[in-house]
2 protein chains.
Amino acid sequence: MPQGRGERADAARNRRAILLATEELLARHRPEQISMEQVAAAAGVGKGTVFHRFGSRMGLMLALMQERALTLNEAVVSGPPPLGPGAAPRARLLAFLDGIVDVVSRNKGLLAALGHAATTTHRRENDQGEGGESPIYRFWHRHVSELIAQARPELDADLMAHVVLGALHSTPVLNLLEQGESKRLSNALCTLAASLLDAPDGTPRPGLSSRRCNSGGVN
Amino acid sequence: MPQGRGERADAARNRRAILLATEELLARHRPEQISMEQVAAAAGVGKGTVFHRFGSRMGLMLALMQERALTLNEAVVSGPPPLGPGAAPRARLLAFLDGIVDVVSRNKGLLAALGHAATTTHRRENDQGEGGESPIYRFWHRHVSELIAQARPELDADLMAHVVLGALHSTPVLNLLEQGESKRLSNALCTLAASLLDAPDGTPRPGLSSRRCNSGGVN
DNA sequence: GACGCTACTGGACCAGCGGTCCAGTTGTCC
DNA sequence: GGACAACTGGACCGCTGGTCCAGTAGCGTC
């Protein structure tokens, strides 16, 4: 993506320096105590430069995340099975979950930083109630959602994908990752996904697995 | 809990006013654009009072959440089945998920506000790497975890509970809730939990549902 | 190699935040 | 009704994400 015609040499250099500095800081401190000023200083650059290149805290984190997720995304889109196209949806999903956990665990603080940025970033006039998700999340969600839909068309694939991916943003889970338990998470996520895809839904155990569970209000 | 001997009349009045004002603001605005100063003003109270009563933004949100979750928690601990003790773990879990979704959907912005507070609150000297979860989360997690463990002792119940509860903190899911899709979420969560508990794990479909899925690194 | 155009740079600056402080007030107990 | 402490509230602080713009330096042109 960089030096894509028209990017000056010094600009490219500084961009890399900023990204690198952010990475280092993220590795050493909790994301919420890293200020943009610190990032700028660590990169040997003025604050204005950081904002000029990345627009906002959110932009910075997004750019970093995008870079980190790039190889995984490429593997999904055009790599060999089971991650890439060609394998059965079930196998692809399990492989992909593995891949995601891997990326996330290698970038422990980054997801948390993204979450933090999302709630911190100043909203100017865009009073839109909606708000946009990050492209990476969108990509991941679409992929998971499609795989679930292929394997189990009767499920609410869209929502299930959100639920599964949601686990990665959860603070307790992130803490676990911080302690090197990524294999454990990977196993749990795969078990969960496998259960969902293999569940005896539709015919067996009638009245047990698909019973309605909505009751009245509680609070 | 209030006026529990020793709380002054005006203090109690103001405490309720603050809680109420927070609720109203939360209902009308996104949580990240509600400042403590606004809360104080809306409650007709000085900023110092708010901090004196609740300690921090986090404390305020926690107190509000605690109040909202109270009836559910009581129902779980001493209410009638299927929510309360006595029913089978599976039924209790499904009922509880329903209950949680209900509470969360009734307090749309509150969970988000809690998450926001968690990343925003100034950390003084407590440089502890750990960090404490909220008591409500802890309670919910323990309950879900125990139910899963009872129904399926071989699973990583602790982590599974985190994953399931993590869904409630996910922004896309929260957005869905905002649009009144709480029934959909409830169904999805129940389907997922049911799949997990009913999964043919251990003997059937050998080599399919519990196959190892950890591969090498990707990034 | 000089030149000018322009994108890039960086630090002073701003509004607003969460949180603190403490002098003054007001409820409560004896 | 007096004394004491708990409560109150607004001025204040340090710091943040983000803006601004004068100055700088890379790049294409001749």
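Letters A, B, ... mirror the listed sequences (proteins, then strands); counts begin at 1.
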Write down the distance between [atom1] ([X]) and [atom2] ([N]), rounded to a whole number of angstrom.
{"X": "Ile18(A)", "N": "dT9(C)", "atom1": "CD1", "atom2": "P", "value": "8 Å"}
{"X": "Glu32(B)", "N": "dG17(D)", "atom1": "CD", "atom2": "P", "value": "15 Å"}
{"X": "Arg30(A)", "N": "dT16(D)", "atom1": "CZ", "atom2": "C1'", "value": "19 Å"}
{"X": "Met36(B)", "N": "dC21(C)", "atom1": "CE", "atom2": "C1'", "value": "16 Å"}
{"X": "Arg57(B)", "N": "dG19(C)", "atom1": "CZ", "atom2": "P", "value": "8 Å"}
{"X": "Phe54(A)", "N": "dT19(D)", "atom1": "CZ", "atom2": "P", "value": "16 Å"}
{"X": "Gln38(A)", "N": "dG10(C)", "atom1": "CD", "atom2": "P", "value": "18 Å"}

Considering residues at least two apart in sequence or located in another chain, which fulfil the ring pair (Phe, Tyr, Trp, His ring centres under 6.0 Å) criterion with Phe139(B)?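 Result, ring pair (Phe, Tyr, Trp, His ring centres under 6.0 Å) vs Phe139(B): none returned.
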
Set of ring pair (Phe, Tyr, Trp, His ring centres under 6.0 Å) partners for Tyr137(A), sequence neighbours left out: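 Residues passing ring pair (Phe, Tyr, Trp, His ring centres under 6.0 Å) with Tyr137(A): His162(A), His169(A).
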
Which residues pass the side chain to side chain donor-acceptor pair (under 3.5 Å) test with Arg92(A), sequence neighbours left out?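 With neighbours one apart ignored, the set is empty.
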
Asn14(B): side chain to side chain donor-acceptor pair (under 3.5 Å) partners, not counting sequence neighbours: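 Counting only residues at least two positions away or on another chain, Asn14(B) forms no side chain to side chain donor-acceptor pair (under 3.5 Å).
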
Please pick, from dC8(C), dG18(D), dC7(D), the nucleotide with the shortest atom-to-atom distance to any side-chain atom of Arg53(B).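 Nearest to the side-chain atoms of Arg53(B), counting from C-beta on, is dC7(D).
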
What nucleotide among dT28(C), dT6(C), dG18(D) has an atom nearest to a side-chain atom of Arg8(A)?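 Output: dT6(C).
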
Partners passing salt bridge (Lys or Arg N to Asp or Glu O under 4.0 Å) against Glu24(B) (at least two apart in sequence or in another chain):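 Partners of Glu24(B) under the salt bridge (Lys or Arg N to Asp or Glu O under 4.0 Å) test: none.
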
Partner residues of Ala21(B) under the side-chain contact (heavy atoms from CB on, under 4.5 Å) criterion, sequence neighbours left out: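 Ala21(B) satisfies side-chain contact (heavy atoms from CB on, under 4.5 Å) with Ala42(B), Ala43(B) once adjacent residues are dropped.
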
Could you pull out all residues at least two apart from Pro81(B) that satisfy side-chain contact (heavy atoms from CB on, under 4.5 Å)?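 Result, side-chain contact (heavy atoms from CB on, under 4.5 Å) vs Pro81(B): Ala87(B).
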
Say whether, by atom type as modelled, one donor and one acceptor occur between the side chain of Ser186(B) and the main chain of Ser182(B) under 3.5 angstrom.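 No, Ser186(B) side chain to Ser182(B) backbone: no donor-acceptor pair under 3.5 Å.
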
Short heteroatom pairs, N/O only, protein and nucleotides 11-16 of chain C, under 3.5 Å:
{"residue": "dG11(C)", "atom": "O6", "partner": "Gly48(A)", "partner atom": "N", "Å": "3.3"}

When the nearest nucleotide of DNA chain C is assigned to Asp10(B) and to Ile34(B) on a heavy-atom basis, which residue is associated with the more 5' position?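 The answer here is Ile34(B).
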
Both Phe51(B) and Asn14(A) contact DNA chain C. Which one's nearest nucleotide lies toward the 5' end?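 That would be Asn14(A).
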
Does any non-hydrogen side-chain atom of Asn73(B) lie less than 4.5 Å from one of Trp140(B)?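 The answer is yes; the side chains approach within 4.5 Å.
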
Any side-chain N or O of His52(A) below 4.0 angstrom from OP1/OP2 of dT9(C)?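 No.
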
Using C1' atoms of five pairs at each end, report the bend of the helix from dG1(C)-dC30(D) to dC30(C)-dG1(D) rounded to 10 degrees.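 Comparing the axis at each end, I get an angle of 10°.
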
